[in-house]
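What follows is a short report on a single structure.
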Amino acid sequence: MEKPKKSVRRKGRAVTIDEVAAQAGVSPMTVSRVVNGQGKVRDSTRENVMRAVRDLGYTPNLAASSLAAAQHTRIALIYTNPSSAYLRELLVGALSGAARTAAQLVIDTWDNLNAEEQRSAARTLAKSVAGVILPPPLCESKAVVKEFVSAGIPVVSIASGRFSNEISCVRIDDFRASKEMTAHLVSQGHTRIGYIKGHPNQTASAHRYEGFQAALSEAGIAHDPTLVQQGYFTYRSGLEASEKLLAHRPPPTAIFASNDDMAAAVVSVAHRKGMDVPHDLSVVGFDDSSAATTVWPELTTIHQPVASMADSAIDILLRNIRRKDRGTRVVVDHVAPHQLVTRDSVAPIAKRKRPAKG
């Protein structure tokens with residue numbers, strides 16, 4: 001394995017742009033373009049630069065001209081996501097990207113707005129911002145997207161299963177990630193696997209379910225629809241779904257929940273029923289949010305780099321906002337890498353201590 005480059009930072013002084021360039025193997029001009037969201041830079045180059053920025057702790061020296069420019073790059077992030085763990089990662093990434101690029105980030109919640117109120121809010125907001133970041137489920141709203149696009153406001157959706165030719169998207173391959181997780185459970189000897197779906201208003205939920213089904217099919221395991229329950233990405237919906245799944249006789253030997261909040265709920269229900277996780281029941285989640293490591297045992301899950309995806313969304317927006325040719329717009333479909341993270345919530349069938357309890 002290649003050893004990571006050592007930081008060239010010396011104690012007692014600020015890191016320079018030249019040091020970032022040296023670590024990333026690019027020119028200082030390329031570093032400047034990346035951190036300011038200007039010009040065309042390949043995704044691989046941008047990721048190398050941003051890795052060097054993070055490793056070295058580089059902070060751009062924002063001159064007055066940059067601060068003035070920030071007033072013209074006002075970016076809105078609007079959320080209605082019920083998962084506090086997911087939202088935390090989203091805000092960390094967006095705030096980091098805004099601070100790095102001298103953009104002004106406006107954060108708003110539309111939790112209690114109906115469809116018409118959301119469209120009205122979008123029309124109003126479009127008058128005061130230069131770009132918009134839409135996480136799920138708002139990124140799935142064609143009506144909201146249409147309001148911003150009609151107003152000439154560039155939009156980046158995060159974690160959306162749908163890619164539109166009108167807006168940019170930063171996402172992972174949900175189908176592939178879910179398929180890998182299911183194959184991992186199968187490799188541990190599990191054939192009777194329960195599944196908790198994500199919210200039906202998000203296409204990523206459908207892609208994760210399709211990945212689950214595809215992995216079972218490839219393994220020659222018959223799909224049992226009675227082992228599938230609807231969830232809504234909330235802890236409470238995970239409680240209700242896992243109660244139903246564990247009422248089966250015999251119960252599943254593993255449960256795959258579509259996010260970590262619901263998977264944490266499965267662990268809670270299993271413990272209450274006197275079941276040992278993972279020896280009576282293996283449990284896996286999705287996202288690798290803080291919920292994955294605040295339960296016992298810690299969850300095996302899919303790492304979705306939500307914070308870095310939000311950071312990337314800032315860069316994509318700024319490249320469009322600061323383009324010299326305002327008559328053209330670059331639409332990007334950026335697929336971020338995911339990772340299967342194995343922890344202690346999964347055990348092979350052969351190592352189970354005792355028959356699963358009801």
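In this structure, Tyr195 and Ile255 have side chains that are not in contact, with every pair of non-hydrogen atoms separated by 4.5 Å or more. Side-chain contact between Leu138 and Trp110 is present, with at least one heavy-atom pair separated by less than 4.5 Å. Side-chain contact check for Met181 versus Thr300: some heavy-atom pair is nearer than 4.5 Å. In this structure the side chain of Asp315 reaches within 4.5 angstrom of the side chain of Asp311, judged on heavy atoms. Residues Thr234 and Asp261 are not in side-chain contact: their nearest non-hydrogen atoms beyond the backbone lie 4.5 Å or more apart. For the pair Val284 and Leu185, the minimum side-chain heavy-atom distance is below 4.5 Å.
With sequence neighbours excluded, the residues forming a side chain to side chain contact (heavy atoms under 4.5 Å, CB included) with Val269 are Leu239, Ser242, Glu243, Leu246, Arg272, Lys273, listed by chain and number. With sequence neighbours excluded, the residues satisfying side chain to side chain contact (heavy atoms under 4.5 Å, CB included) with Asn201 are Pro137, His199. By the side chain to side chain contact (heavy atoms under 4.5 Å, CB included) test, Thr109 pairs with Tyr79, Asp111, sequence neighbours left out. Ser345 pairs by the side chain to side chain donor-acceptor pair (under 3.5 Å) definition with nothing, not counting sequence neighbours. With sequence neighbours left out, the side chain to side chain donor-acceptor pair (under 3.5 Å) criterion links Ser308 to no other residue. Annotation: ring pair (Phe, Tyr, Trp, His ring centres under 6.0 Å) contacts of Phe286 (sequence neighbours excluded): none. With sequence neighbours left out, the side chain to side chain donor-acceptor pair (under 3.5 Å) criterion links His223 to Tyr209. Arg176 pairs by the salt bridge (charged side-chain N to carboxylate O under 4.0 Å, His left out) definition with Glu180, not counting sequence neighbours. In this structure Asp224 satisfies the side chain to side chain contact (heavy atoms under 4.5 Å, CB included) test together with Arg192, Thr226, Leu227, sequence neighbours excluded. Under the side chain to side chain donor-acceptor pair (under 3.5 Å) criterion, Ser282 pairs with His190, sequence neighbours left out.
Among the candidates His338, Arg343, Gln304, the single residue satisfying the side-chain hydrogen bond (donor to acceptor under 3.5 Å, both in side chains) test with Asp288 is Arg343.
Nearest heavy-atom pair across Arg208 and Ser258 is NH1-O, 2.7 Å. Residues Leu299 and Ala291 share a closest heavy-atom pair of CD1-O, 4.3 Å.
When only modelled atom types and interatomic distance are considered, Glu140 and Thr203 share a side-chain donor-acceptor pair under 3.5 Å. Ser160 and Arg171 share no donor-acceptor pair across their side chains, judged by distance under 3.5 Å alone.
In this structure, CD1 in Ile17 is found 8.5 Å from OG in Ser27, a value given to the nearest 0.5 Å. Separating the CD1 atom in Ile314 from the OG atom in Ser96 is a distance of 9.5 Å, to the nearest 0.5 Å. One finds the CD1 atom of Ile302 at 9.0 Å from the CD atom of Gln339 (value rounded to the nearest 0.5 Å). To the nearest 0.5 Å, the span separating CZ on Arg51 from CG on Leu56 amounts to 12.0 Å. Going from atom OG1 of Thr191 over to atom CD1 of Ile221 covers 5.5 Å, rounded to the nearest 0.5 Å. With rounding to the nearest 0.5 angstrom, the CG atom of Asp287 is 9.0 Å from the CE atom of Met262.
Other residues, nucleotides and ligands place more than 12 heavy atoms under 6.0 Å from the CG atom of Asn114.
Proximity of a side-chain donor or acceptor of Ser237 to a complementary backbone N or O of Tyr232 within less than 3.5 Å is detected. In terms of modelled atom types and a separation under 3.5 Å, the side chain of Ser168 and the main chain of Val332 share a donor-acceptor contact.
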Review item, side-chain donor-acceptor pairs of residues 211-220, under 3.5 Å, at least two apart:
| residue | atom | partner | partner atom | Å |
| --- | --- | --- | --- | --- |
| Glu218 | OE2 | Lys179 | NZ | 2.5 |

Quick one: side chains of residues 121-135, donor-acceptor pairs under 3.5 Å with protein atoms, not counting sequence neighbours, listed by atom name and distance.
| residue | atom | partner | partner atom | Å |
| --- | --- | --- | --- | --- |
| Arg123 | NH1 | Glu147 | OE2 | 3.0 |
| Thr124 | OG1 | Ser120 | O | 3.1 |
| Ser128 | OG | Arg74 | NH1 | 3.3 |
| Ser128 | OG | Leu125 | O | 3.3 |

